[in-house]
Amino acid sequence: MDNQDLFAEAQKLIPGGVNSPVRAFRSVGGAPRFIREAQGATITDAEGKVYIDYVGSWGPMILGHSHPQVVAAIREAAGRGTSYGAPTELEIAMARRITEAFPSVEMVRTVSSGTEATMTAIRLARGFTGRDKIIKFTGCYHGHADSLLVKAGSGVATLGIPGSPGIPRQLAELTLSLPYNDSETVREALRQHGADIACIIVEPVAGNMGVVAPRPGFLEELRELTREYGALLIFDEVITGFRVAYGGWQNLAGIAPDLTCLGKIIGGGLPVGALGGRRDVMEQLAPTGPVYQAGTLSGNPVAMAAGIATLDILKGNSYQALGQRAEALCNGYRDLFSQKGIPVRINRVGSLFTLFCTAGEVTDFASASGSDTQFYARFFQGMLAAGVYLAPSQFEAAFLSFAHGDVELARTLEACERVLKTL
Ligand code: KE4
C-alpha cells in the first residue's frame, strides 16, 4: 500500500492515524510518510522513496539511523533476554556515564520517556519543598504530564490546542507559564508566589517553539532566583542532553541545576528517559524516600545497551565539527532565501536549528508565533517532494546527525534552491 492507503487504514484504528500527534502532518497537510526503514542520514517510506532526514526521531538519532555498533549492542542484549524487572549492571553503567557527563548529577533514576522524567522531577520538587506551585515557560514542552501541558510547545503549539481538556482547573492553576527569556516576569511571580513555588522547569535551550537560545544571563538569573526563594531549578535537557555537548547545555553554560531531565539520545532510539541531580533531593525518591515513582520497563536492559553504545561513540566524536556542519547548512539556507528575497530567521544552537518563516528575531513563543506557518507548510511540502524530510511543524527543531555528510548537505541546498523558485 502507498502512504495514502496506509494513512487511511491507520486512521481507522489509531487516533489521527498516529501514535504521537506531531507526526500527523496536520499543520503542513498531506499524508504522513509511513517509514519502512532508515540508514544513516536517510529514511525510506512505504513507497520506497528515500529522504534525507532532519527529524532524526525528534532527536535520538544523533549518530544517524541503524548505526552498526548500536544495532549490534541491541542484538547482543536482546539475545540475553529483553526485560527482567530486576536490577542489572547495565543500569549502573548508564548511571555512571550520566553522572560523569553531568557534574550537577550525583544520582540518576532511569524511566521510559522524557515525560516520565519531567513528571517525576516536578513531583520530586513538590515533595522535597512541600510546595505546590511550579513555573514553566510558554512554548516550552516538557512532555504530556498534566501539570506541564499548560501553554506548552511542540505538538500543543502546532495544533493550536490552548491547553488540554482533561486537566482539572485546580491543577492547571498551580502552573504559572511565563514568557521565555523574560526574567523580570519571573522575579515578579516569585515576589507574589515565591513561598509556594516548588520549582522552575526550563528547557535551557528551547526546542519546542522552534529553537530559541537563552538570552545571556537568563538562566543565571533563574539559578539565583530559585536559590533566593528556596525553589528547585530543573533543566529539561531531554533535547539538549548529549546533543549540544557530551553532557548538556549546563556544561557549556557552567550552571548547576538541582535536577536534570534526560531522554532521546540516552536511549539510542529505544524508550528511555532519566532524571538526576542533587543526592539530597534524589534520595527522597522511593524506596529511599517517600516520593513514589516506578516503572515496569525502567532501566530496560536492551534500551540501556542501545544508550550506552550511543554515548560511548559520542564521547569520541567532535561536537564542534557537527556544529560547524550545521552552521554551513544554515548559512547555505540563509543565502538561498536572501537571493530570493524571502524572509527567514534561522536560530541554531550546535546541531539544532529552526528556519522561522519570519523576518524578525525569534526570542520567545510570541515572536515564534509571528512566523508564516502557511509558507512553512509550502516549503515543507516542496522539500518533501524533493527528497528532504524536515520537521512537519514550524514549532519544532531540525536535528543534524553525524551521518549527514557533504553529499547530504549539498543535496539539501540544491533542493532548497529548486523549491524556493516555485514558491
Ligand atoms: P517524550 O515523553 O516524548 O519522550 O519526551 C517529552 C519531552 C520532554 N522534554 C522535552 C524538551 C521534549 O522535547 C520532549 C519531547 N519532544 C517532542 C518533540 N519536540 C517529542 C516528539 C513527539 O511528541 O512526538
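Reckoned from all heavy atoms, side chains included, excluding hydrogens, waters and symmetry mates. Each residue takes its place number in the sequence, starting with 1. Whatever order the structure lists them in is the order used to number ligands and atoms, beginning at 1.
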Chemist: Quick check: Phe379 with Phe337 (ring centres under 6.0 Å apart)?
Modeler: yes
Chemist: Can you list the residues that meet the ring-ring contact (aromatic ring centres under 6.0 Å, His included) rule with Tyr376, with sequence neighbours excluded?
Modeler: none
Chemist: Answer with yes or no whether the side chains of Arg33 and Tyr389 bring together a donor and an acceptor at under 3.5 Å.
Modeler: no
Chemist: Examine the side chains of Glu106 and Thr99 and answer whether a donor and an acceptor come within less than 3.5 Å of each other.
Modeler: no
Chemist: Which donor-acceptor pairs under 3.5 Å do side chains of residues 9-23 form with protein atoms, sequence neighbours excluded?
Modeler:
| unit_1 | atom_1 | unit_2 | atom_2 | d |
| --- | --- | --- | --- | --- |
| Glu9 | OE1 | Lys12 | NZ | 3.0 |
| Gln11 | NE2 | Phe7 | O | 3.3 |

Chemist: Using the ring-ring contact (aromatic ring centres under 6.0 Å, His included) criterion, which residues pair with Phe399? Sequence neighbours excluded.
Modeler: none
Chemist: At a 4.0 angstrom heavy-atom cut-off, what protein residues surround ligand 1?
Modeler: Ser20, Val22, Trp58, Ser113, Gly114, Thr115, Tyr141, His142, Gly143, Ser154, Glu203, Asn208, Asp236, Val238, Ile239, Lys264, Glu396
